[in-house]
Structure formats: C-alpha cells, structure tokens
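Sequence positions, counted from 1, serve as the residue numbers for this chain. Worth saying up front: this structure is predicted, and the values here are computed from it rather than measured.
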Amino acid sequence: MDLRYEAYCFADRQFYDLQSSTETTPEDDFSTELPALPPDWVTVERNVWRHHHPTGVQLPNQGWKIHVSAGLDNAGKVLKAAFDYCVERRIPFKYLQTISIVLARNSKYAPREGSGKLITIYPTGTEQLQQILTELGAVLTGEHGAYVLSDLRYGKGPLYVRYGGFSEQWLEVDGQQVLAIEGPDGVLVADKRKPVFSVPEWVELPDFLAPHLAERNAGDPEAFPYQIKRSLHFSNGGGVYLATRKSDGKEVVLKEARPHAGLDREGRDAVARLELEHQILTRLSGVKGVPEVYDRFTEWEHLFVAMEFMPGRSLGQWLGHNYPLTHKEATDEKLVEYRERALALIGRVEDLMARVHDRGVVFGDLHTLNILVDDDDEISLIDFELSSTIENVHRPTLGAPGFQAPADREGFEIDEHPLAALKLWIFLPLNTVLELAPAKLPQHLQVIKRRFGLSDEYCQSIAGVLTSRVDPPADPAFTQFDEENPDWTVVRKEIATAILHSATPQRTDRLFPGDIEQFEVGGTCFGHGAAGVLHALDVSGEGRYPEHEDWLIRTVLRDPPKQPGFFVGAHGIAHVLENFGHHDVATELVERYAALVPATQDHGLSAGLSGIGLNLLHFADTRRDDSFAAQAEELAERLAKQLAGAPGPGDKARAGLLHGWSGPALFFLRMFEHTGERRWLKVSEQALERDLAETMVALDGSLQVRDGTFRSLPYVGIGGAGIAMVLTEFAAVAPERPCVEKLSGLLSGCTGEFVIQPAFTLGRAGLMATLAHATRHRPDEQLERSVQVHLRALGWHAVRFGAGIAFPGIQLRRLSMDLNTGGAGVLLAIASTVDGRSPLPFLGSRTPVLTDR
C-alpha cells in the first residue's frame with residue numbers, strides 16, 4: 001500500500017488534495033505569529049511549504065541541507081526561533097504552512113522519510129552549514145521533535161542534515177516520478193529519500209559531522225536483549241519485527257514506538273499508544289486468540305514491547321488467495337464453497353470478539369489486517385494500540401477506511417460496526433466506497449446476496465448496523481449501470497457532468513481533481529491533469545470546452561511541465577493541443593523540450609522515449625512534416641539499442657503499457673507502419689517478448705505480470721492488459737508470430753468479475769477496454785460476455801456527484817477525475833467499449849506499407 005495517500009486525505013473529504021492556506025483558518029497558519037519579512041525577500045507557496053528567499057542569494061542545485069524538527073506543542077516556538085535566525089542572516093528556508101500540515105505529515109501512516117521535518121534550511125556551502133548547526137543548535141537546545149529518519153542528527157537537539165537537491169529535477173524510477181540530483185558525471189540519479197541516512201557515494205561527509213555519525217552508530221548491538229530476524233511492518237510510528245529473545249531463544253513479535261511520531265488526530269504519539277497496548281494485553285492475558293505480552297523496555301529513546309507471535313496471514317491476504325470473483329471462472333460450486341468457509345471465519349471472529357468484550361475491552365480497530373487466519377482457519381487478533389476498557393472508552397481517531405465506527409456508536413458498539421463491515425467485506429471488499437457514498441450500501445448488499453446466495457437475515461444484520469443513525473435516509477445509489485438495459489449515452493453524459501462540475505478554474509495548480517501524482521507532475525499533464533481529461537471528453541463525444549482549453553494553455557505557459565514525457569510531461573499536453581487546433585502552443589512545447597529528450601533514458605510510454613517518439617510520429621502525420629518523422633526514427637534507433645542491452649526481469653514488475661517494453665513495442669510497430677521497414681516489426685516483437693518474460697501463470701491459470709514472489713498484476717499501466725493491448729495490434733499485422741500465442745492467456749487475466757479499483761491504468765476500466773479492443777480485432781463470445789460484466793460492474797464504484805456520476809481513485813479514499821485513475825479514464829473506456837473509439841492515443845492499427853527494406 002502506498003502510504004503517501006493518507007496525507008492527501010486531510011484537506012478534503014471528496015478529493016485528494018493538499019493542505020494549504022486555502023483550507024485552513026488564520027489561527028492554524030503559522031504566518032500569523034511570525035513577523036513581516038524585509039522588503040528584499042521573496043515568498044513562494046508551493047504545495048504544503050512556504051518558501052522564503054532573500055534576493056541576491058544564489059544557491060547551488062544541490063548540497064547539504066538542514067531539517068528542523070518539532071512536535072505539535074512546540075512547533076510555533078521552534079519556527080519563530082529559526083525564522084528570526086535565518087532572516088537576520090539572509091539564509092533561504094522553507095517551512096510547513098500550518099499546524100494541521102504538521103499533524104498530517106507526522107501521522108501514523110504518513111511517509112516515514114518526511115516525518116519530523118518542520119523547517120528546511122539551505123546553506124550556501126559547508127562552512128555556512130557548520131555555522132548554522134552550531135549557532136541555531138545552541139538556540140534550540142532542549143527542544144524536541146520526531147527523529148528525521150532520512151537524516152543525520154546533529155547533537156541531541158532538533159537539527160538534522162542530509163545531502164540532497166535544492167532545486168527540483170525529476171527522474172522516473174520504477175514507474176514513479178522521483179526527485180533527482182546530478183551525479184559526478186552530470187547525469188541525473190535518484191535523490192534517495194528513504195527512512196535511513198545515506199550519502200551519495202561521490203560525496204564526502206564534512207569532517208565536523210564525523211562525531212555525530214559516530215554517535216549515531218554508537219551502542220553495543222549485543223546488549224540489545226532481542227535478535228531481530230526480519231521486519232513485519234513499518235509505519236511512521238515505528239516498526240514491528242519478528243525477533244528471538246536472547247535469554248531463552250523464544251520467538252516473539254517486537255513492537256517499536258518512536259516518540260513524537262505516528263500521531264493520531266488528537267496528537268497522541270506512538271509511544272502513548274504502545275503503552276496502552278501493553279496495558280490492554282496484560283488485561284487480556286489468557287484469552288485464546290490474543291497474544292500474550294512478555295516484556296516492555298526503552299532503548300535508543302524508543303519504547304519496545306515484546307509479545308507472542310501469532311501464526312497465520314492477515315485476513316486481507318487470505319481473501320486475496322481465496323476470493324473467487326477475482327478468477328477468470330467463478331463456478332457455482334466455487335461460490336458455495338467460499339461462502340461456507342467465509343461464514344465460518346466470520347463466526348470465529350464473532351466468538352473471539354465476545355471473549356475480548358467479556359474482559360471489558362473494546363478492541364477499537366477491527367479490520368482485515370488485524371485479523372490473522374492460520375492454516376486451519378483459526379482466528380487471532382493483533383494490534384491493540386487503539387483499544388480501551390469499557391470503564392474508560394476512548395474513541396479511536398485512527399482507523400482503517402471502511403471499518404471505523406461513526407461518532408454515534410458507544411461502548412461495544414464501536415466494535416459491532418466494523419464486525420458488520422467485515423461481514424460485507426468478505427463477500428464484496430469495497431467498504432471504502434461506502435465512506436464516500438453510504439447510500440450505496442443497499443446496492444452492495446444486493447450484489448452479495450445475488451452472487452453468493454446469502455440469506456435475507458445475514459444481509460439485514462449488516463444493514464441494521466451499518467445504516468447511519470444520524471443522517472436522514474438517502475435514496476439508494478443505483479444508477480444507469482443497474483438498469484436491465486443501460487442507456488450508455490446517459491451514462492457518458494452523467495460522467496461528463498460530474499467531471500465538469502468538479503472543475504476549479506480559479507485554482508492555478510489544477511483544473512480537475514485527480515490522483516496525488518498531479519501534485520508532483522503538475523495539473524496540466526495527460527495522465528493526471530487537464531490535458532487527459534479534455535482529451536477524454538472530446539474523444540468520447542462529450543464535447544470541447546474552450547474555457548478549459550484556455551486554462552490549460554495559460555497554465556502550461558506560466559508553469560511548464562518538469563519533463564518531456566507523454567503521460568507526465570510536455571508531449572502529452574502538446575498532443576492534445578495539436579488535436580484541438582492550438583498548433584502554435586503545441587509547437588512551442590515540442591521545441592522547448594527537445595533539448596531534454598537526449599538526456600531521457602526511460603523507455604516507457606508514460607515518461608520515456610516511446611511516448612515522445614509516438615507523438616513525434618503523430619506530428620509528422622498531422623503536419624505532413626518529415627522532420628518530425630526523422631526525430632522519431634532517431635529515438636527508435638536509441639530504443640532499439642537500449643532494448644538489446646536491457647537487463648532481464650527483476651523482483652519488481654515493470655511490464656505493461658506505461659512502464660514496460662510494451663510502450664516501445666507499440667512505437668516500433670508504428671515505425672513499421674510508417675516506413676514499411678520490416679526490421680521495426682522484428683524489434684517490436686522483441687520488445688513484446690521482453691515484457692512477456694515478466695509474466696507468470698496466475699492462481700486461476702491466466703497469464704499475468706509477476707510482481708514479487710506470489711503477486712500477479714493484470715492491469716494496463718503495469719500488468720498483462722497493457723501487454724495484451726499492444727499484442728492485439730501486433731497480431732493484426734503478424735498473426736503467425738509465436739508471441740501472439742500468449743495473447744489468449746493475457747486476455748483471460750482480464751476477465752475476473754471483481755476488480756478492486758475502477759481506474760483505467762490500474763483497474764476495471766482498463767481491463768474492459770483491453771477486452772473490447774481485442775474482440776474488435778477478433779470476435780470472441782466468451783470475452784464479449786466478460787466485457788458486458790465489466791460494464792455493469794462499474795456501477796459498484798459509481799458515486800453520485802454534482803448531478804452526475806463520479807468514481808473513486810487509487811485506494812478508493814477519494815474521488816478522481818483524471819484519465820489514469822478516475823472518471824475521465826472510465827469515460828474513455830466506455831466510449832471505446834460501446835462506440836468502438838480508440839482506448840488511448842496511438843492505439844488503432846494502420847495499414848502497413850511493406851517494402852523490401
């Protein structure tokens with residue numbers, strides 16, 4: 001799970017967003033307590049940070065920076081002292097804008113590498129670095145804050161240092177855009193921001209920091225009473241480890257809590273919660289299915305509690321292996337077998353919860369990761385840090401999405417709510433959608449009753465608990481998807497209506513709300529920004545919107561994208577503007593970023609050379625200009641050489657349309673069609689074979705992309721569907737080639753009835769569009785039935801919004817309108833499926849011109 005999403009859920013209940021001054025009260029903003037800056041300072045607000053820079057001070061692109069940490073209780077005091085120090089000495093710095101942002105970035109599931117950072121100070125060199133640490137360190141003596149895991153601590157105070165970038169430079173690594181720094185040869189490399197201190201191999205640690213590094217590494221590991229075997233889980237609050245007690249060799253689970261980190265919404269840190277867990281486990285001693293507690297001690301300023309190791313895997317993992325609707329064939333026999341096994345598991349959870357309640361304990365955090373299932377389907381509970389006694393019930397302010405009890409529940413009812421949610425989840429694991437749209441509960445109950453043959457009594461027991469007692473009853477959230485004969489014209493219109501209703505033309509950072517990536521790559525790009533949304537509206541037949549096109553043009557000229565790539569940068573925006581007739585701006589974008597293309601090493605369609613090359617071929621066609629074709633051919637030659645030297649499959653999946661070699665395979669195929677040269681067809685096949693090398697036979701016998709040891713992925717962005725989309729087009733040109741034989745296995749991986757997300761690149765919409773694209777080339781009755789199943793099942797996620805229909809994005813926590821993850825992608829997939837439109841740019845084979853070359 002990508003923990004970054006948690007921090008983007010604080011600002012808005014409907015969309016992923018940044019916490020900035022527009023969402024906070026004046027009392028929450030630190031600036032109200034700070035003096036005015038001198039007139040020769042420049043202030044820029046970017047994302048959650050407020051940057052202050054004195055005019056005339058030149059900073060290098062990268063170097064040693066200082067982070068200042070603080071807690072919620074002393075953040076204002078620490079900031080005021082650092083502010084005064086830096087302003088007096090004209091030192092550039094930035095700070096988090098509000099106390100709410102400090103809470104969000106130090107919360108339990110915020111990214112660990114960013115925890116603790118309240119202020120960042122930018123010295124001009126090593127000499128000033130030492131001066132600041134010495135002088136400001138003296139000023140802040142005695143102040144506390146969360147340990148900045150990515151940094152080296154200076155002394156015992158709240159100052160930390162690391163080497164990294166000062167200015168933003170971007171690089172794609174494993175399918176994600178990451179900040180970069182220049183290596184000694186000037187080539188960009190990832191600016192590693194992991195939760196452990198490290199220095200680039202070509203950078204020397206300043207001599208005056210050596211004692212602090214020695215202090216960090218001090219201590220006798222042999223004196224620690226436990227031998228760590230492996231980590232089980234990490235959060236911002238600390239780690240959970242499998243360990244062995246050195247005194248007697250007993251295997252235990254060791255939980256660690258970091259002070260001032262892992263905050264809940266009341267500001268309690270991980271230490272306070274682990275202290276509570278120790279007390280609760282002591283009270284529950286002897287209850288079968290609850291771990292025994294063995295030890296409590298403090299080491300390295302962290303609290304540790306040792307407890308019994310409970311066998312099994314999480315109920316979430318159990319469902320991933322056993323849930324029948326994810327497989328290509330869910331027979332009636334398999335559904336009945338699963339139903340009986342799932343009901344038995346629910347019964348065991350109910351029994352265990354009753355024993356916990358008999359001891360006067362409210363568990364408070366019942367969800368699928370805190371329930372373990374062993375090989376005999378026996379149940380145990382873990383993670384009691386949010387528990388409380390019935391005599392002194394404490395309502396948890398943390399909780400798993402889709403399982404946390406509403407505010408109107410008291411006492412043991414706090415556990416009854418997630419238990420009812422669990423009874424629904426085990427048959428349809430979409431509880432998170434109900435947080436966005438509680439009115440969908442009757443629809444979801446109807447789905448599980450129909451598919452699993454569940455009784456009215458079982459479904460009513462869920463509805464009776466999960467139905468809100470506070471809000472007035474809402475009309476069930478049934479949509480056109482649920483009609484016997486849906487009117488797809490109405491569906492498309494309603495999705496477009498929701499997209500347009502969400503528009504925020506008054507904002508400068510984004511036009512349409514989407515995935516959190518839009519705050520990294522910009523709100524104008526094709527995958528996560530306005531360009532892709534406007535493309536989807538146009539291609540699907542839902543119209544052109546000149547006022548939004550004007551916003552796109554103004555914004556891209558004022559705040560250009562960071563890179564040239566198609567889905568995340570300039571070429572995708574240029575593609576859309578070219579098709580809309582804004583030729584001058586499109587030309588300016590392509591020409592402006594031409595200088596960055598030689599430095600681009602990524603091969604993918606999202607950020608790399610294949611997406612750029614495909615767009616250059618597109619410009620060659622629209623402009624009838626051979627110079628664009630020549631540039632495209634140059635990139636194709638580069639990619640062919642890169643493919644020849646590409647390493648074999650690694651541990652982490654890369655295959656698929658956006659990040660694998662399927663994107664280059666599509667580019668090579670279009671080069672073959674453009675030139676008629678057979679060598680490009682051969683290279684296209686080689687690229688497809690490179691992606692096929694990363695596939696595996698999944699649990700249901702289909703062919704999917706391997707991700708790690710056991711997990712497999714069927715999706716478009718990363719997964720088998722992305723390979724299948726290109727292989728479908730390749731098969732239309734060269735049906736006799738051996739790689740085409742793998743197409744049926746890839747397509748069968750797209751037929752599972754249940755898909756966790758509706759998204760195009762990582763969800764149901766993309767699987768549906770892949771199957772529809774394939775059946776247009778080669779009709780297949782079974783695949784066509786799966787297409788219809790996908791079309792109707794999109795309604796499981798459909799949420800009423802602004803007189804239209806919207807869809808939740810990645811992790812289902814908030815709605816998204818973008819092409820990769822939200823409504824625009826669903827709209828495009830439906831238009832492709834129902835109307836036969838192209839599912840994405842560059843898909844739709846042309847007649848090749850065969851020559852002897």
Just checking Phe234 against Tyr241, ring centres under 6.0 Å apart? yes

Main-chain N/O of Ser167 paired to Asn61 side chain as donor or acceptor, under 3.5 Å: no

How long is the span from the CZ atom in Phe807 to the CE atom in Met817, to the nearest 0.5 Å? 9.5 Å

Inter-residue atom distance Ile66.CD1 - Leu133.CG, 0.5 Å rounding: 4.0 Å

Mark yes when over 12 heavy atoms from residues, nucleotides or ligands other than Arg216 sit less than 6.0 Å from its CZ; otherwise mark no. yes

Check whether more than 12 heavy atoms from other residues, nucleotides or ligands sit under 6.0 Å from atom CZ of Arg558, and answer yes or no. yes

Please examine the side chains of Gln757 and Arg764, heavy atoms only from C-beta on, and report whether any two atoms are closer than 4.5 Å. no

Separation between CG of Leu843 and CG of Leu657, rounded to the nearest 0.5 Å: 6.5 Å

Among Leu96, Ile119, Val44, which residue meets the side chain to side chain contact (heavy atoms under 4.5 Å, CB included) test with Trp49? Leu96

Say you draw a straight line from CD of Glu113 to CZ of Arg4; how long is it, rounded to the nearest 0.5 Å? 9.0 Å

Less than 4.5 Å apart, any side-chain heavy atom of Tyr8 and any of Phe15? no

Rounded distance (nearest 0.5 Å) linking atom CD1 of Ile723 with atom OG1 of Thr695: 6.0 Å

Under a plain distance cut-off of 3.5 Å, with no hydrogens placed, do His528 and Glu517 share a side-chain donor-acceptor pair? no

Side-chain touch Pro758/Leu812, heavy atoms, less than 4.5 angstrom: yes

Provide the closest heavy-atom pair for Tyr593 versus Ala570 in the form atom of the first, atom of the second, distance. CD1-CB, 3.3 Å

Distance (rounded to the nearest 0.5 Å) between Arg813 CZ and Ile516 CD1: 11.0 Å

Determine whether Ser816 and Phe512 make a side-chain contact, defined as any pair of heavy atoms from C-beta on separated by less than 4.5 Å. no

Contact between Pro839 and Phe760 at the side-chain level, heavy atoms closer than 4.5 Å - yes or no? yes

Looking just at side-chain N and O atoms, do Asp269 and His260 make a donor-acceptor pair shorter than 3.5 Å? no

Using distance alone, with no hydrogens and no angle criterion, decide if His52 and Thr43 have a side-chain donor and acceptor under 3.5 Å apart. yes

A side-chain contact here means heavy atoms from C-beta on lying under 4.5 Å apart; do Glu168 and Glu520 qualify? no

With a 4.5 Å cut-off on side-chain heavy atoms, are Leu658 and Asn820 touching? yes

Any idea how Trp64 and Phe197 line up, ring-wise: parallel (<30°), tilted (30 to 60°), or perpendicular (>60°)? tilted

Does the pair Arg814 and Tyr16 meet the rule for a side-chain hydrogen bond (donor to acceptor under 3.5 Å, both in side chains), with working shown? CA-CA 6 Å; Arg814 297 292 187 266; Tyr16 293 120; over 6 Å; no

Is it the case that more than 12 heavy atoms not belonging to Asp651 sit under 6.0 Å from its CG atom? no

Using a cut-off of 6.0 Å, state whether more than 12 heavy atoms not belonging to Glu634 lie near its atom CD. no

Evaluate the ring planes of Phe567 and Phe526, with Trp represented by its six-membered ring, and classify them as parallel (under 30°), tilted (30 to 60°) or perpendicular (over 60°). perpendicular

Is any side-chain heavy atom of Leu552 less than 4.5 Å from a side-chain heavy atom of Leu511? no

So, Tyr5 and Asp515: side-chain donor and acceptor under 3.5 Å apart, yes or no? yes

